[in-house]
Trainee: 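Quick one: this structure, given as C-alpha cells, is what I'll be asking you about.
Only heavy atoms go into these numbers, but all of them, side chains included; no hydrogens, no water, no symmetry mates. All figures in this text were calculated on a predicted structure; none of them were measured in a lab.
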Amino acid sequence: TVETIVPAPHVRDFVREVTEAIERAEEQEDIVGVRALLSQVRGRIKAFIDGSTVDADDNISLITDNQADAATLGIGIAASVSRGMGTTGAIAGAGSAAVNEIDNQIESYILNASGGLKHVKSSAGGISLSATDNGDVVGVAGTVAVAVGVGTGTGATVAIAAGVSVVLNDIGADSGSSIRSYIDGSTVESAGPISLSSVSNVHVIGVGVAGSVSVAAGTGPGLSGAF
C-alpha cells in the first residue's frame with residue numbers, strides 16, 4: 001500500500017518533457033522526425049519510488065527492462081559509362097553511412113524515502129531493484145560503384161571507380177549511457193533479502209561492405225582503377 005506520494009521536481013520535469021516531445025511529434029510531417037523525438041523519450045526508462053512511504057506485506061520489486069533495438073541501413077550506388085572516339089573517361093564514386101546514436105538512462109531506484117513517516121518497508125517479503133538493457137544495436141552500410149569507359153579511337157581510355165562505407169555505433173557520447181539500480185537517502189526495511197542488480201546484455205554489431213568495378217576498353221592506351 002502506498003500511503004503518500006510526493007511528486008519530486010525531477011519527476012514533474014520528466015513528465016513535462018514527455019508531454020512536450022509528444023506535442024512536437026504531432027507537428028512533424030516527416031516520419032524520421034517523429035522517430036527521432038520518440039527515441040529521445042524511449043532512451044529514459046525508469047522504475048522508482050521517490051519521496052514516498054510504501055508499506056507492503058509481500059515483495060516489493062522495481063524492474064526496468066529495455067528491449068528496444070536500434071538498427072540503421074545505409075546504401076550507396078553509383079554508375080558511370082562513357083564512350084567516345086578520342087580520349088574517354090568514366091569516373092564513379094559512391095559512399096554510404098549507417099549511424100546509431102544511443103544515450104540510454106535505464107534506472108531502478110529508491111530515493112528520498114526518509115525523514116518523518118517516509119520509508120519503504122516489506123513486512124513479509126524482500127525488496128529487489130533491477131535495471132537491465134537487452135536492446136541490440138545494429139548498423140549496416142553497403143556501397144557499389146561501377147565505371148565503364150569504352151574508346152573506339154586511338155585516344156586514351158580511363159575508368160575509375162571508388163566505394164566507401166562507414167558504420168558508426170555511438171554509445172553514450174551525448175548525454176551518456178547508464179544502467180543503474182540504487183538506494184539513496186532512504187530508510188528501507190524488509191523481512192527478506194534486499195537485492196540490487198544492473199545488467200547489460202547489449203549486442204553491438206557493425207557491418208560495412210564496399211565494392212567497386214572499373215572497366216576500360218579501347219584500341220589506344222587504357223587505365224582502369226577500382227578503390
Trainee: Below 4.5 Å, heavy atoms only, C-beta onward: do His119 and Ser114 meet side chain to side chain?
Mentor: no

Trainee: Show your reasoning for whether side chain to side chain donor-acceptor pair (under 3.5 Å) applies to Thr88 and Thr157.
Mentor: CA-CA 5 Å; Thr88 304; Thr157 302; 4.9 Å; no

Trainee: Please tabulate, for the side chains in residues 220-227, all donor-acceptor contacts under 3.5 angstrom to protein atoms that are two or more places apart in sequence or on a different chain.
Mentor:
unit_1: Ser224; atom_1: OG; unit_2: Ser214; atom_2: O; d: 3.0
unit_1: Ser224; atom_1: OG; unit_2: Ser214; atom_2: OG; d: 2.6

Trainee: Between Asn104 and Asn66, is any pair of side-chain heavy atoms under 4.5 Å apart?
Mentor: yes

Trainee: Run through Asp69, Asn100, Thr72 and flag the one making a side-chain contact (heavy atoms from CB on, under 4.5 Å) with Val137.
Mentor: Asn100

Trainee: Does the side chain to side chain donor-acceptor pair (under 3.5 Å) test come out yes or no for Ser198 and Ser181, once each step is laid out?
Mentor: CA-CA 6 Å; Ser198 301; Ser181 59; 3.0 Å; yes

Trainee: Does Ile205 share a hydrophobic cluster with Val209, counting links as ILVMFWY side-chain heavy atoms below 4.5 Å and allowing steps through other members?
Mentor: yes

Trainee: Would you sort out whether Ser108 and Ser130 count as a side chain to side chain donor-acceptor pair (under 3.5 Å), showing the intermediate values?
Mentor: CA-CA 6 Å; Ser108 293; Ser130 67; 5.3 Å; no

Trainee: Apply the side-chain contact (heavy atoms from CB on, under 4.5 Å) test between Asn201 and each candidate in Asp136, Ile179, Thr132; give the one that qualifies.
Mentor: Thr132

Trainee: Would Ile60 and Ser122 satisfy side-chain contact (heavy atoms from CB on, under 4.5 Å), going step by step from the backbone distance to the final call?
Mentor: CA-CA 7 Å; Ile60 298 174; Ser122 173; 4.1 Å; yes

Trainee: Run the numbers on Asp65 and Asn134 for side chain to side chain donor-acceptor pair (under 3.5 Å), then give the verdict.
Mentor: CA-CA 7 Å; Asp65 185 5; Asn134 288 309; 2.8 Å; yes

Trainee: Can you check whether Val81 reaches Val146 side chain to side chain, under 4.5 Å on heavy atoms?
Mentor: no

Trainee: Does a side-chain heavy-atom distance below 4.5 Å link Ile110 with Ile127?
Mentor: yes

Trainee: What are the two closest heavy atoms between Ala98 and Gly74, and how far apart are they?
Mentor: CB-N, 4.1 Å

